[in-house]
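When a residue number appears, it is its place in the shown sequence, counting from 1.
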Amino acid sequence: MSALLAIDGLSVRFGARDVVHGLSLAVARGEIVALMGPSGAGKSTTLRAVAALQAFDAGRILVDGFALAPGPVPAESKLRPLRRRVGLVFQAHALFEHLCALDNVTLALRHVLRQSRVESEATATRLLTDLDVGGRAAAWPRQLSGGEAQRVAIARALAPDPALLLLDEPTAALDPVRRSALGTTLRRLSQQGRGLLVATHDAAFVREYTDRAVSLS
């Protein structure tokens, strides 16, 4: 399998502290890779660097042919190709509280990809339905359960049809039933040819639902 994501020698420093030091890993299409380690080991920082939300100090990141280099985060206008390649699901979902579920999913499609309302809503409706929250399209984030909010956040990340999906501690607030449903959803997404990088400390989830793990210390 060819690498969809390749990280080579990634280092991120906050002041005098090395948060990530010399990390190398690869994620292939159709593969779910877990990024493991204790709190503070740099799991979330790594995801943010891949999504160009965090500057890094050394190394190289290549996402489906799009290269990121050390130094300041590039201007957003230069990152549009990356935004089509990578979707990030934050640990706390980060849904916009003033928008319903449907509008959370259509936001980037309309304002970044310049899709019409009709086109963006058709895409959002399909994604929400595929993720079993189609009936919650009109709900506000405060009306959603933790599992529902997570699925809406996944739909939002999938809206631009990225090849790579990043998830930060996706099982943190889930009960066993929703955790199992999430694992099934992630496997289905990987079978569509996407690559997934999952930052987690949930060893049981990793054993059951991922292909392999990379450990940070």
Less than 4.0 angstrom from a charged side-chain N to a carboxylate O is my criterion; do Arg194 and Asp161 meet it?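 Judged by the 4.0 Å cut-off on N to carboxylate O distance, Arg194 and Asp161 do form a salt bridge.
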
Salt bridge or not between Arg187 and Asp211? Use side-chain N to carboxylate O under 4.0 Å. yes

With side chain to side chain contact (heavy atoms under 4.5 Å, CB included) as the test, would you mind laying out the steps for Thr45 and Phe14 before giving the verdict? CA-CA 11 Å; Thr45 299; Phe14 293 163; 4.2 Å; yes

Please check: side-chain N/O of [X] versus main-chain N/O of [Y], any donor-acceptor pairing under 3.5 Å?
X	Y	answer
Lys43	Leu216	no
Arg60	Pro70	no
Ser11	Gly22	yes
Asp64	Arg85	no

Heavy-atom distance under 4.5 Å between the side chains of Arg179 and Asp202, does that happen here?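 Counting from C-beta outward, Arg179 and Asp202 do come under 4.5 Å.
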
Is any side-chain heavy atom of Phe66 closer than 4.5 Å to a side-chain heavy atom of Leu79?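 Heavy-atom side-chain distance check passes, below 4.5 Å.
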
Hydrophobic cluster (4.5 angstrom, side-chain heavy atoms) - remaining members for Leu99: Phe96, Leu107

Should we say atom CZ of Arg80 is surrounded by more than 12 heavy atoms from elsewhere, each under 6.0 Å from it? no

Is there a path of hydrophobic side-chain contacts, each under 4.5 Å between heavy atoms of I, L, V, M, F, W or Y residues, that connects Leu62 with Val27? no

Between the side chains of Ser180 and Tyr209, is a donor N or O closer than 3.5 angstrom to an acceptor N or O?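 Side-chain D/A pair, Ser180 to Tyr209: present.
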
Let me know which of Leu182, Asp130, Val105 forms a side chain to side chain contact (heavy atoms under 4.5 Å, CB included) with Ile154. Leu182

